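Beneath this line is the structure, given in structure tokens, with notes to follow.
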Amino acid sequence: MSSNIPDFTTRLLIDAGIGKGMRILDVGCGSGDVSFLLSDLVGSAGEVIGVDHDAEAIAIARDRSTAQDHPALRFLQCDLLELQDSLGTFDAIVGRRVLMYQKDAVATIRALSKNLRPDGIVVFQEHDTTMAPASLDPFPLHKRAQAWLQEMIAREGADLHIGFNLHRIFTQAGLTVESVRAECLVQTPETPYGLGNIIRACLPRITALGVASSEEVEIETLQERLDQERSASAGIYIGDVMFGSWARKV
């Protein structure tokens with residue numbers, strides 16, 4: 001895929017109407033990747049507030065914001081269901097890989113919508129972990145690594161079919177769904193993809209949950225071995241299915 005084509009998240013946000021001057025709440029922001037993307041989209045006249053319960057992730061996001069000089073970007077440590085009234089209302093509420101971990105996704109969206117102005121939008125990107133991996137060629141190491149992630153997510157109690165459930169969740173929360181889309185992540189022999197880096201970031205969770213041991217993963221050489229497996233094949237490998245949806249408060 002050409003590097004000039006915006007990625008799935010960027011296209012989702014732009015198509016949903018995120019633009020200059022908007023006030024955005026990024027829930028479950030982690031270390032801020034989506035928040036920084038949102039900040040670029042809303043510009044200096046807009047504002048982005050990222051919230052997450054993880055103090056370490058918020059600290060990283062704040063350090064990144066300071067280093068990159070994003071004055072209209074703030075990060076707060078708090079639970080999604082414990083937002084301060086002083087935050088006011090927002091033009092849009094955004095999240096990526098967040099709803100899948102909520103015990104009651106409908107109640108979460110309903111609660112967040114109270115911080116949304118009339119005619120505001122919610123935009124969420126989630127993933128279905130049961131539709132992939134898919135390939136005609138074997139790709140045993142890719143599928144093994146993907147299985148570690150899927151099992152980790154399952155043991156953490158996440159909704160493995162959250163992508164398919166987005167329309168129902170938004171509708172039951174009282175919003176009007178405007179779009180649902182899905183896209184496969186296709187890897188070719190020439191397409192670099194950091195599955196090994198994703199495993200590295202998740203390794204503490206993978207080992208703590210007993211999904212795999214450090215000896216099984218061999219993280220220091222995993223990415224190299226994945227790249228070698230893909231380049232040795234003439235086939236393609238579908239490693240993920242991404243869902244995106246936005247809905248409006250009326």
Side-chain angles (χ1 to χ4, degrees), residues 1-16 28 30-34 36-37 94-101 123-156 158-166 179-207 209 211-245:
M1 180 179 292
S2 169
S3 59
N4 294 324
I5 300 176
D7 66 12
F8 183 84
T9 304
T10 303
R11 285 182 277 113
L12 176 67
L13 295 173
I14 292 173
D15 291 349
S31 58
D33 289 346
V34 176
F36 287 105
L37 172 56
V94 173
R96 184 169 70 177
R97 289 184 179 267
V98 175
L99 286 182
M100 63 191 299
Y101 288 105
V123 191
F124 276 83
Q125 177 181 330
E126 301 289 340
H127 295 235
D128 186 284
T129 66
T130 65
M131 298 179 68
S135 65
L136 297 181
D137 292 355
F139 292 100
L141 183 59
H142 278 71
K143 292 180 179 179
R144 189 180 184 197
Q146 208 82 38
W148 290 333
L149 292 176
Q150 182 170 333
E151 183 60 24
M152 177 197 76
I153 293 169
R155 294 188 186 187
E156 289 177 335
D159 179 359
L160 300 182
H161 297 290
I162 187 67
F164 281 100
N165 290 329
L166 282 175
S179 179
V180 181
R181 62 177 59 168
E183 184 173 301
C184 293
L185 178 60
V186 178
Q187 300 172 52
T188 69
E190 300 83 17
T191 305
Y193 180 66
L195 177 57
N197 296 326
I198 295 173
I199 297 290
R200 181 187 293 274
C202 294
L203 189 58
R205 294 155 62 190
I206 290 171
T207 56
L209 291 165
V211 174
S213 66
S214 297
E215 292 74 22
E216 290 177 272
V217 175
E218 297 182 83
I219 193 61
E220 295 306 323
T221 62
L222 180 59
Q223 186 63 56
E224 179 183 357
R225 288 182 285 128
L226 288 165
D227 291 341
Q228 289 174 348
E229 182 176 78
R230 195 174 58 256
S231 62
S233 172
I236 65 171
Y237 174 81
I238 296 175
D240 199 359
V241 180
M242 301 168 287
F243 281 78
S245 181

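None of these values were measured; they are calculated from a predicted model.
Here the closest non-hydrogen pair linking S245 and L12 is N-CD1, 4.0 Å. The nearest pair of heavy atoms linking G196 to L226 is N-CD1, 3.5 Å. Across all their heavy atoms, I238 and C184 have their closest contact at CG2-CB, 3.8 Å. Across all non-hydrogen atoms, the minimal contact from C202 to M152 is CB-SD, 3.8 Å. A pairwise comparison of heavy atoms in A16 and V123 identifies CB-CG2, 3.7 Å as the closest pair. Across L99 and E126, no two heavy atoms sit closer than the pair N-OE2, 2.8 Å.
E151 pairs by the side-chain contact (heavy atoms from CB on, under 4.5 Å) definition with R155, V211, not counting sequence neighbours. Take D128 and apply the side-chain contact (heavy atoms from CB on, under 4.5 Å) test, not counting sequence neighbours, and it matches T130, M131, H161, F164, F243. The side-chain hydrogen bond (donor to acceptor under 3.5 Å, both in side chains) test applied to S179 returns no partner, not counting sequence neighbours. Considering only residues two or more places apart in sequence or on other chains, N165 meets the side-chain hydrogen bond (donor to acceptor under 3.5 Å, both in side chains) condition with D159. Here A212 pairs with W148, I206, E216, V217 under the side-chain contact (heavy atoms from CB on, under 4.5 Å) rule; sequence neighbours left out.
Salt-bridge check for D33 with R97: failed, with every basic side-chain N at 4.0 Å or more from each acidic carboxylate O. With respect to the salt-bridge test (charged N to carboxylate O, under 4.0 angstrom), the residues R225 and E220 do not qualify.
With hydrogens and angles disregarded, no donor-acceptor distance shorter than 3.5 Å links the side chain of E156 to the backbone of Y101. Between the Q125 side chain and the M242 main chain, no donor and acceptor come within less than 3.5 Å of each other. Under the 3.5 Å distance criterion, the side-chain polar atoms of E229 are left unmatched by any main-chain donor or acceptor of E224.
Rounding to the nearest 0.5 Å gives a distance of 10.0 Å between CZ of F8 and CG of D240. With values rounded to the nearest 0.5 angstrom, R96 atom CZ is found 8.0 Å from L37 atom CG. Between the OH atom of Y237 and the CG atom of L185 there is a distance of 9.5 Å, given to the nearest 0.5 Å. Once rounded to the nearest 0.5 Å, the distance linking CD1 of I199 with CG of L149 reads 3.5 Å. Interatomic distance, M100 CE to L166 CG, rounded to the nearest 0.5 Å: 10.5 Å. One distance of note links CG of L195 with CD of Q187; it measures 7.0 Å at 0.5 Å rounding.
At a threshold of 4.5 Å between non-hydrogen side-chain atoms, the residues H142 and R230 count as touching.
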Would you tabulate the side-chain donor-acceptor contacts of residues 134-141 under 3.5 Å, counting partners in other chains and residues two or more places apart, or write 'none'?
residue, atom, partner, partner atom, Å
S135, OG, D137, O, 2.6
S135, OG, K143, NZ, 3.3
D137, OD2, S233, OG, 2.6
D137, OD2, G235, N, 3.3

